[in-house]
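Values reported hereafter were calculated over all heavy atoms of this structure, with side chains retained and with hydrogens, waters and symmetry mates removed.
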Amino acid sequence: MRIVIGSPVEDDDFFDRESERRRMWRRLETDSLLLLAPRRIGKTSLMRALCAEGADHGFQAVSLSFAACSDEMHCVRELAKAIAGARRQDLSALQQALKGLLPNLKSLKLGPLGIELATGESPDWRDLGEALTRSLGTLDGRWLIAVDEVPVFLLHLLKQDDGLARIRGFLYWLRTLRQDHHAQVRWILAGSIGLDTVAARHGLGDTVNDLMPMPLGAFEPETAERFLQALAESYKLDMSGEVRRHIIAQLGWPVPYYLQILFGELYDRVEDGERLDTVLVDQVFDDLLKPAHKGYFDYWRQRLTEELGQPDDGHATHLLSHCARDPSGASRTTLEQALAERIAEPDSRETCLRYLLDILRSDGYLVQLDGRWRFRLELLRRYWLQRVAP
């Protein structure tokens, strides 16, 4: 097992998630899934692990991402590329099926790098996407299509002309695909921004209500300790149980990404001759909050604007700043008073507070404990206090 920071992990670098995988395979027998996970939890790695073991569950599985897609046709092409890549040995059957479903095409070429269309007039993206999905019915077995970063694409689309109407059309098109081809194809849709949040914000909750929600959280403390021990053994590092438990306690929310970062920093220090103990752990925590490492945390602030837009991003930042001032968090009354500085009308303020607290909880910023709203990730709280809160 290796230290992997920032990239999805696969094969021997993927750790545990056994109960989550079992639960998801049970659900996939009857439903398509909406994977809900904050950034850096490991959703992309989990989806790739599911696809890697798809054949064991009777599925031909493919994974792709909409993160870099510029428009709807680009998404359809990415889908075609993923399916074509999975069926290299049977491209001719897929190609013939598509040509039969799109008779107006002069020619169509499928290959590992995607699709090439040769026609005087490009087909509508809906037609090509429908034909592509229907063509799966001509091939053997069931399919699992795992699509990452769907909300990122939708927010990009929102900035274009007629953005909201196009989002509505794309989400309803995807829903129709899922329903019309349910017997043959299962889907997993995911993103570092909640698809359910984006849909609800724009009054499109019914476009994803056929998906079974599957929340994915951080490791349980016992799993996190085994994870650190596995890394330590791989790098022949003598890490005591006291040190492992101290790392987890100080982190507060044992997210794989931050566990990897902390372990990597500790390993470098030990290789340089320092002693691995709880004092060194505290020093590493302090160093991670210096400007040189702000990239580990800045996205948490930036994504509020990406997901919420103005003025809600400012309201959310204001609430988080109040929560950051005390490790135990802030009471709801305190947050109501804080929001009153920005929203005078009581009913509007209450509606906004409920909405934002729901998002901040589901996206991994806050958790409610003992009647108080506190940061899940202690490192993020300290970052927020140092670099964001006034």
* N/O donor-acceptor pair under 3.5 Å between Asp13 side chain and Arg2 backbone -> yes
* Is there a path from Phe375 to Leu259 through hydrophobic residues (I, L, V, M, F, W, Y) whose side chains come within less than 4.5 Å of each other? -> yes
* Would you say Arg186's side chain and Leu28's backbone share a donor-acceptor pair under 3.5 angstrom? -> yes
* Structure fact -> Only residue of Trp373, Trp300, Trp253 satisfying ring pair (Phe, Tyr, Trp, His ring centres under 6.0 Å) with Tyr365 is Trp300
* Is Arg301 atom CZ crowded by more than 12 heavy atoms from other residues, nucleotides or ligands, each under 6.0 Å away? -> yes
* To do: Search all heavy atoms of Arg325 against all heavy atoms of Pro390 and return the closest pair with its distance.
  => NH2-CG, 3.8 Å
* Apply side-chain contact (heavy atoms from CB on, under 4.5 Å) to the pair Trp125 and Asp71, showing each step before the final yes or no. => CA-CA 9 Å; Trp125 64 267; Asp71 56 25; over 6 Å; no
* To do: Report yes or no: does Ser45 contribute a side-chain atom to a donor-acceptor pair with the main-chain N or O of Val9 at less than 3.5 Å?
  => yes
* Of the non-hydrogen atoms in Phe297 and His293, which two are nearest, and what is the gap between them? -> CD1-O, 3.8 Å
* Please tell me if the side chains of Thr278 and Gln250 come closer than 4.5 Å, counting only heavy atoms from C-beta onward. => no
* **Working for side-chain contact (heavy atoms from CB on, under 4.5 Å), residues Ile3 and Gln260** => CA-CA 6 Å; Ile3 300 170; Gln260 289 268 19; 3.7 Å; yes
* Asked: Same cluster or not: are Trp187 and Met47 linked, directly or through other Ile, Leu, Val, Met, Phe, Trp or Tyr residues, by side-chain heavy atoms under 4.5 angstrom apart?
  -> no
* **Qualifying ring pair (Phe, Tyr, Trp, His ring centres under 6.0 Å) pairs with a residue from residues 18-47, counting only residues at least two apart or across chains** => Trp25-His57, Trp25-Phe59
* With sequence neighbours left out, write down each residue that passes ring-ring contact (aromatic ring centres under 6.0 Å, His included) with Tyr355, or none if nothing qualifies. => none
* Would you find more than 12 non-hydrogen atoms of other residues, nucleotides or ligands less than 6.0 Å from Asp370 atom CG? -> no
* Asked: Between the main-chain N or O of Met239 and the side-chain N or O of Arg244, is there a donor-acceptor pair closer than 3.5 Å?
  -> yes
* To do: Would you check, one step at a time, whether the test side-chain contact (heavy atoms from CB on, under 4.5 Å) holds for Leu357 with Gln368?
  => CA-CA 9 Å; Leu357 288 178; Gln368 188 179 23; over 6 Å; no
* Asked: In Å, rounded to the nearest 0.5 Å, how long is the span from CZ of Arg381 to CG of Leu366?
  -> 12.0 Å
* Which pair of non-hydrogen atoms, one from Val4 and one from Pro8, has the smallest distance, and what is that distance? -> CG1-O, 4.4 Å
* Which pair of heavy atoms, one from Ala61 and one from Gly54, lies closest together, and at what distance? -> CB-CA, 4.4 Å
* Asked: So, do Tyr296 and Tyr383 have ring centers that fall under 6.0 Å from each other?
  -> no
* Validation row: Ile188, Met24 side chains within 4.5 angstrom (heavy atoms) -> yes
* Asked: Among side-chain atoms of Gln229 and Glu233, is any donor-acceptor pair under 3.5 angstrom?
  -> yes
* **Aromatic ring proximity, centroids under 6.0 angstrom, Phe219 and Tyr258** => no
* Is a donor on one side and an acceptor on the other found under 3.5 Å between the side chain of Arg376 and the backbone of Gly364? -> no
* Asked: Can you name the closest pair of heavy atoms from Ala82 and Leu64 and give their distance?
  -> CB-CD2, 3.9 Å
* **His202 side-chain N/O to Leu164 backbone N/O, donor-acceptor pair under 3.5 Å** => no
* To do: Find the distance between CZ (Arg269) and CG (Leu266) and round it off to the nearest 0.5 Å.
  => 7.5 Å
* Could you state the interatomic distance from CG (Leu319) to SG (Cys352), rounded to the nearest 0.5 Å? -> 7.5 Å
* Asked: How long is the gap from CZ on Phe66 to SG on Cys75, to the nearest 0.5 Å?
  -> 4.0 Å
* Structure fact -> CD of Glu18 to CD of Glu20, rounded to nearest 0.5 Å, is 9.5 Å
* In one Ile/Leu/Val/Met/Phe/Trp/Tyr side-chain cluster, 4.5 Å: Trp384, Val367 -> no
* **Val147 side chain reached by Phe153 side chain, heavy atoms, under 4.5 Å** => no
* Between Asp286 and Arg382, is the closest basic N to carboxylate O distance under 4.0 Å? -> yes
* Are any non-hydrogen side-chain atoms of Val270 and Asp238 less than 4.5 angstrom apart? -> no
* If the plane angle is over 60° it's perpendicular, under 30° parallel, otherwise tilted; pick one for Phe263 and Tyr267. => parallel
* Answer with yes or no whether the hydrophobic clustering places Leu79 together with Leu35; edges join I, L, V, M, F, W, Y residues whose side-chain heavy atoms lie under 4.5 Å apart. => no
Report all side-chain donor-acceptor pairs from residues 207-216 shorter than 3.5 Å, counting only partners two or more places apart or in another chain.
unit_1, atom_1, unit_2, atom_2, d
Thr207, OG1, Leu204, O, 2.6
Asn209, OD1, Arg175, NE, 3.4
Asn209, OD1, Arg175, NH2, 2.8
Asp210, OD1, Arg178, NH2, 2.8
Asp210, OD2, Arg178, NE, 2.8

* Asked: Hey, are the side chains of Phe227 and Asp16 touching, using non-hydrogen atoms and a 4.5 Å cut-off?
  -> no
* **Heavy-atom closest pair, residues Gly191 and Pro151** => CA-CD, 3.8 Å
* Is there a side-chain contact between Val281 and Leu262 (heavy atoms, below 4.5 Å)? -> no
* Asked: Under the 3.5 angstrom rule, does the side chain of Glu78 hit a backbone N or O of Ala67 as a donor-acceptor pair?
  -> no
* Asked: So with a 6.0 Å cut-off around CD of Gln310, is the heavy-atom count from everything else above 12?
  -> no
* Asked: In terms of hydrophobic clustering (I, L, V, M, F, W, Y; side-chain heavy atoms under 4.5 Å; direct or indirect links), are Val152 and Leu189 co-clustered?
  -> no
* Structure fact -> To the nearest 0.5 Å, atom NE2 of His315 lies from atom CG of Leu335 at 14.0 Å
* Just wondering, do Gln283 and Val279 contact through their side chains at under 4.5 Å, heavy atoms? -> yes
* Decide yes or no for Arg387 and Pro291: does some side-chain heavy atom of the first lie under 4.5 Å from some side-chain heavy atom of the second? => yes
* **Ionic contact status for Glu149 with Lys43, cut-off 4.0 Å** => yes
* Asked: Does a salt bridge link Arg332 with Glu350, judged by any charged N lying under 4.0 Å from a carboxylate O?
  -> yes
* Asked: Below 4.0 angstrom, N of the basic side chain to O of the carboxylate: do Arg349 and Glu336 qualify?
  -> no
* **side-chain contact (heavy atoms from CB on, under 4.5 Å) between Leu154 and Leu195, worked out** => CA-CA 9 Å; Leu154 296 177; Leu195 177 57; 3.5 Å; yes
